[in-house]
Novice: 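Pasting a structure below so you can have a look.
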Amino acid sequence: MSDNILTVKNLTVKLSGEEIIKDLSFSVKKRDSLVILGPNGAGKTTLLRTLLGLIPYQGRVEWSTKDLSYLPPKELVRRSSIFPLTVEDFFNFKKVTNKQITDILEAVGLPSKILPKGAYTLSTGQFQRLIIAWALVDNPKVLLFDEPTSGIDVGGQETIYSLLHKFWKERDLTILLVTHELSVVWEHASNVLCLNKRGVCFGSPNIALTPEKLKELYGVGVKFHKHSHDTY
Amino acid sequence: MIPINSQFILALVVAGFVGAVAGYLGTLMLTKRMTLVGGPLGHLTLPGIALALLYGFDVFLGALLFVFIGILFIWYFGKKTKLPMETLTAIIFPFSMATAFLFLPEEEMTQALIGDISQITPFAVVTTIIISITTFIVIRKIYDKMVLVGISEDLAKVEGIDINKYNLIYLISIAFVVAISVRVVGGLMTVAIMAIPASTSRNLSKNLSQYAYGGLFFGVLASILGILVFRFVNIPAGPAIIIVSVIFFLISFVLRNIKNA
């Protein structure tokens, strides 16, 4: 289909001989928000990194845009105070104007007076907002977001997801989101991909995400709780 | 006491340029937790310096040759044997010392170990200045990108940074800076001329550009004061530079603690 922003066909990924993803096919349309669900070790992070071209794979991965932005899981972003790095320095890794920086900071709810502050002195929640701002400051077409809520309290979680939702609504943005949080699917996803090495389910959450599929995905004992209101 | 003459001025110029670029590069190495690499690479220059002194060519050339052999060695064995860097250091350091001791008379030995800038040739001045400026420009170009690679390789790759290419440029820059440093501080102390100004700057700076240029500033300052100490107190220039640099570091440490108290 021509309005696909991403087409994945028969994707297989092996890391040091071990098959992490096997024969996976799915597609993402422009302006979709795809949530990728799966248990620990299902290959979610590997999938995002493969889609970004960071690891070798077999099969087909085709993007119709090169304008991708990525938020790695926080374990992959080294937060260290070994050298001074201000919020402003962090933005200067990208070619952006001051106006773009202050606009995006405002949009994620950070005051522009934090610009000269050390990026590593921010609280976990503020730092999370900062990297969202960083990922979106140059208006990417696609945002690939890996477990943005790990390590944030529940109150914080809701803000981060509604923040993403806001950007998704206001901008010409396609989102691929990896998460553990089932509730995010009902509130924010236009499509869902269940991953456990293979694709277990794919489609609109209401159709694809049946109790049976969830059981298949997570094994046993997942509390199934479908929200009554519609997605987007 | 050596007289204030053209040799003394040349010594100041050479040490100043070396101090500047080594201090600047040192700040980048510190962000990548790689300051110690300057150690084994410096030690590796010893056989090269020995050859240069025995056969009468410039120590820079001997040092450069062996640093490149050393980088290949570290890269190859690191890849093949998966030995950690520190083990490789443990192999390289004694080997280099042993070869230097084997071939060099005692007087040249001291020169190889702690440097000597009392006899500076026009060739030395010209090569030092050209290499310092060129490497500085190259490092400034890759600086931000290398810092981002240090924060997250994935983010850097998505931003379109060719990590292998930049790592190679970075290693070659280190090789050249080590090779021009041995004239000033010898094969034993190259790690110090890179790591100490960076640590001092880190204690006093608030953002990335203050930090990077702070390394350069303290590198120059320590070199020039070190040469002055050498001129008036008559202790060898290399050790004098390092000691001055450590004094700056201690002061910066105290200042930082006062500020944070």
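This one's a predicted model, so the numbers in the text were calculated from it and none came from an experiment. Below, read A as the first sequence line, B as the second, and so on, with proteins coming before strands; counting in each chain starts at 1.
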Novice: So, using ring pair (Phe, Tyr, Trp, His ring centres under 6.0 Å) as the criterion, who are the partners of Tyr24(B) when residues are at least two apart?
Specialist: Phe136(B), Tyr143(B), Tyr213(B)

Novice: Under a plain distance cut-off of 3.5 Å, with no hydrogens placed, do Asn207(B) and Thr86(A) share a side-chain donor-acceptor pair?
Specialist: no

Novice: Can a side-chain donor-acceptor contact be found between Asn10(A) and Arg60(A) if the only test is distance below 3.5 angstrom?
Specialist: no

Novice: Do Val108(A) and Leu130(A) have side chains that approach each other closer than 4.5 Å (heavy atoms only, starting at C-beta)?
Specialist: no

Novice: With chain A as the partner, which of Lys145(B), Glu159(B), Gln210(B) has the greatest number of non-hydrogen pairs under 4.5 Å?
Specialist: Glu159(B)

Novice: Let me know if Leu52(A) has heavy atoms under 4.5 Å from chain B in its side chain, its backbone, both or neither.
Specialist: side chain

Novice: Under a 4.5 Å cutoff for heavy-atom pairs, which residue among Leu144(A), Asp138(A), Asp89(A), Leu71(A) has the most contacts with chain B?
Specialist: Asp89(A)

